[in-house]
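As structure tokens, the structure follows; a few thoughts come after it.
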Amino acid sequence: MDVLSSTRMPSFLKPEISICTSQCKRSLGRSSHVRGSTICHGELALTHKVLDEIPLPDTFAWNSLIHTHLSNRDPGGALSIYHHMMMRGARPDCRTLPRVLTASRICGDLFLGKQLHGQAIKLGFFDEHYVITALIEIYGRLDGIEAGKWLFDKSPRRNSVAWTMILKLYLLENKPELAINVFYQMVELNALIDSVVLITAAGACGLLKSVEHGRRVHHVARKFQLESDILVSNSLLKMHIDCERMEDAREFFNQMTTKDVISWTEIICGYVKKGEFNEALKLFRKMNMDGIKPDPLSISSVLPACARTVAHKNGKEIHGYSLRNGIDNDLVVQNATMDMYAKSGLVDYALKVFERMKKRDVISWTVMILGFSLHGKGEIGVEFFCRMEKDQRVEADQFTYAAVLHCCTTACKVEEGKFYFNCIKKPNITHYALMRVLGALLDGCWMHHRRNIGKQVFEQLFDLEPRDAENYVLLSKWYSDNEKWDLADKLRETIMGTGSKPKKAYSWIEFQNKVHVFGTGDISHPRSEGIYTELQCLMKKVKC
DNA sequence: CTAGGGTTAG
């Protein structure tokens, strides 16, 4: 029986147990037999019963039971144990309060947290590290960072856990610069710098995309000789990637003495995000040669690289690997596999994977709907969207709507497109989603030469994201398609003026089992001169 | 029997 199933057990105050008491006493005669990590459904129920029968269970036994409920993701159960403990006159100790505070935090009960705070003071546990941290966390998360920070400033003792909690709370409120400032304060005050606080600080630098702060955190890590700690080095690696410094990231990765599957996954992901799919695939192969076994996460991160090169052979190979190793049941892997097939031109394979899936989430549906639209099967995509809407377990989000709109554009279903577009106007839709949707609508405008609508859409696009170079590329294409060359040229000048750079465009060809990649204006290929000459000849022939 | 921590898919 698995541990989690005990979350469905009867509530503590009314245990419904039909096992004879003598057996209970044999198995749990002494309260120290209560072990949170190994306890299962029946045993937990038994424990309740036994604690009811013991004249006065010791605090250790109550603590264990509270712990068990918490680790079984049942904070409500933990709280009712605590309540019962109080009713029976048991005295909580310094290990009881942190756990009960955690339970009330998960339940979102700040009022109870305040009561427990009072109790901590009354019982003299206020200078306990664990109590302080738990209090900072419940105040910080339920009443805002300032409340947590106040407590932190007032608290008689501070260890690195409490400091880290403050950093974490700032990050939760999306204030990474304040988190980094706290980290610098720590360093200045000679507080103990450990791996966890370094990981948290590195995360803050990544969120800020600040190379400057990143260097300083890196320096501190080196000073405390924690740079080679695998968790620290992985977070430093991630920081370089998040700061969009792939060269630095690669250099750091290369000199890492130990690399685990997470290190490899991070760097592969970094290259995928940057569009360097061949480098991502190379590294995936290298990882295997280094004897690191791919896991569902690394598989899911390399599959997009296969999807976006003609190397769908690699994709099939990786699909085969996941089948042989029994990780094809992972939902994320299945979604990534479907997307790989759909984007490699094998939408039928994608559909096969889709139909075999036991569980489907909104991403599964979106991938499939988008897959159909990419293959000019917009009608089927819209059908799938309707099919999805019948499934109560999934709800369309911004990406699903973008996909279905794309279907409408490829199927020339302008009216339906408008209909879905109107469905999107819910409060939880972000600007980003709107961007994509508008972009999709725009494709429709091109097809129908509905120039006025197109112009309106552009105006909205620029309002939303005036600095996004991609929008200018779209508009430039729009002008060119409408043979407004002078406007297109003028726009190009504007783009240069804003200083925003469009993403580099890539193309590729598979030749003799090797994938050759070409970027715009790329002259890195050893035979690039010959390639361009040949290209010019071809262009001439095309024009004739 | 105790707190704060690194990777993934549209």
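Numbered from 1 within each chain, the chains take letters A, B, ... in sequence-line order.
- In this structure, of dG5(B), dT8(B), dG10(B), it is dG10(B) that holds the atom nearest to the side chain of Leu370(A).
- Distance Glu128(A) CD to dA3(B) P: 14 Å, rounded to the nearest Å.
- Across all strands shown, Thr96(A) has no heavy atoms under 4.0 Å from either base or sugar-phosphate atoms.
- Taking the side chain of Ser64(A) as heavy atoms from C-beta on, and the options dG4(B), dT2(B), dC1(B), the nearest nucleotide is dC1(B).
- In this structure, Ser160(A) reaches the bases: a heavy-atom distance under 4.0 Å links it to at least one base atom across the strands shown.
- A perpendicular orientation is assigned to the rings of Trp264(A) and Phe253(A), their planes being inclined by more than 60° (bins at 30° and 60°).
- Note: Phe372(A) and Phe384(A) have tilted aromatic rings, judged against thresholds of 30 and 60 degrees for the angle between ring planes.
- The side chain of Lys273(A) places an N or O atom within less than 4.0 Å of a non-bridging phosphate oxygen (OP1 or OP2) of dT8(B).
- Counting non-hydrogen atoms under 4.0 angstrom, Gln334(A) reaches nothing in the nucleic acid.
- Looking at Ser300(A), its side chain has no donor and acceptor atom pair within 3.5 Å of the base of dA9(B).
- The side chain of Arg99(A) sits closest to dC1(B) out of dG4(B), dT2(B), dC1(B).
- Residue contacts shown for Val362(A) include a base, since a base heavy atom lies under 4.0 Å away.
- Interface remark: the Asp194(A) side chain does form a donor-acceptor pair with the dG4(B) base, using a distance-only criterion of under 3.5 Å.
- Closest to the Ala336(A) side chain, of the nucleotides dT2(B), dT7(B), dA9(B), is dA9(B).
- Close to dT2(B), at under 4.0 Å from its OP1 or OP2, lies a side-chain N or O of His67(A).
- Rounded to whole angstrom, the span from the CD1 atom of Ile327(A) across to the C1' atom of dT7(B) amounts to 14 Å.
- As judged by a 4.0 angstrom heavy-atom cut-off over every strand, Ile230(A) is placed among the base-contacting residues.
- The aromatic rings of Trp365(A) and Phe354(A) stand perpendicular to each other, their planes meeting at an angle above 60°, with 30° marking the opposite boundary.
- Ionic pairing of Lys149(A) and Asp153(A) is present here: one or more N-O contacts between side-chain nitrogen and carboxylate oxygen are shorter than 4.0 angstrom.
- In the set dG4(B), dT7(B), dA9(B), dT7(B) carries the atom at the smallest distance from any side-chain atom of Lys238(A).
- dT8(B) atom C1' lies 10 Å from atom CD1 of Ile363(A), rounded to whole Å.
- Out of dT7(B), dC1(B), dG10(B), the shortest distance to the side chain of Asn63(A) is found at dC1(B).
- At a threshold of 4.0 angstrom between heavy atoms, the contacts of Asp339(A) are confined to the sugar-phosphate backbone, with no base atom among them.
- Between Tyr420(A) and Tyr401(A), the ring planes are tilted. Angles from 30° to 60° get that label.
- Heavy atoms of Asp330(A) sit nowhere under 4.0 angstrom from any nucleic acid atom.
- The distance between atom CE of Met165(A) and atom C1' of dT2(B), rounded to the nearest whole Å, is 13 Å.
- Comparing dA9(B), dT7(B), dA3(B) by their closest approach to the side chain of Tyr130(A) singles out dA3(B).
- Distance from the side chain of Lys343(A) is smallest to dG10(B) among dG5(B), dG10(B), dA3(B).
- Between His319(A) and Tyr341(A), the ring centre distance stays below 6.0 Å.
- For the pair Asp194(A) (side chain) and Val197(A) (backbone), a donor-acceptor distance under 3.5 Å is present.
- Of the candidate nucleotides dG4(B), dT2(B), dT7(B), dT7(B) has the atom lying nearest to any side-chain atom of Asp295(A).
- Between Asp260(A) atom CG and dT7(B) atom P there is a gap of 11 Å when expressed in whole angstrom units.
- Among dT7(B), dG4(B), dG5(B), the nucleotide with an atom closest to any side-chain atom of Leu231(A) is dG5(B).
- Side-chain atoms of Asp397(A) and base atoms of dG10(B) include a donor and an acceptor less than 3.5 Å apart.
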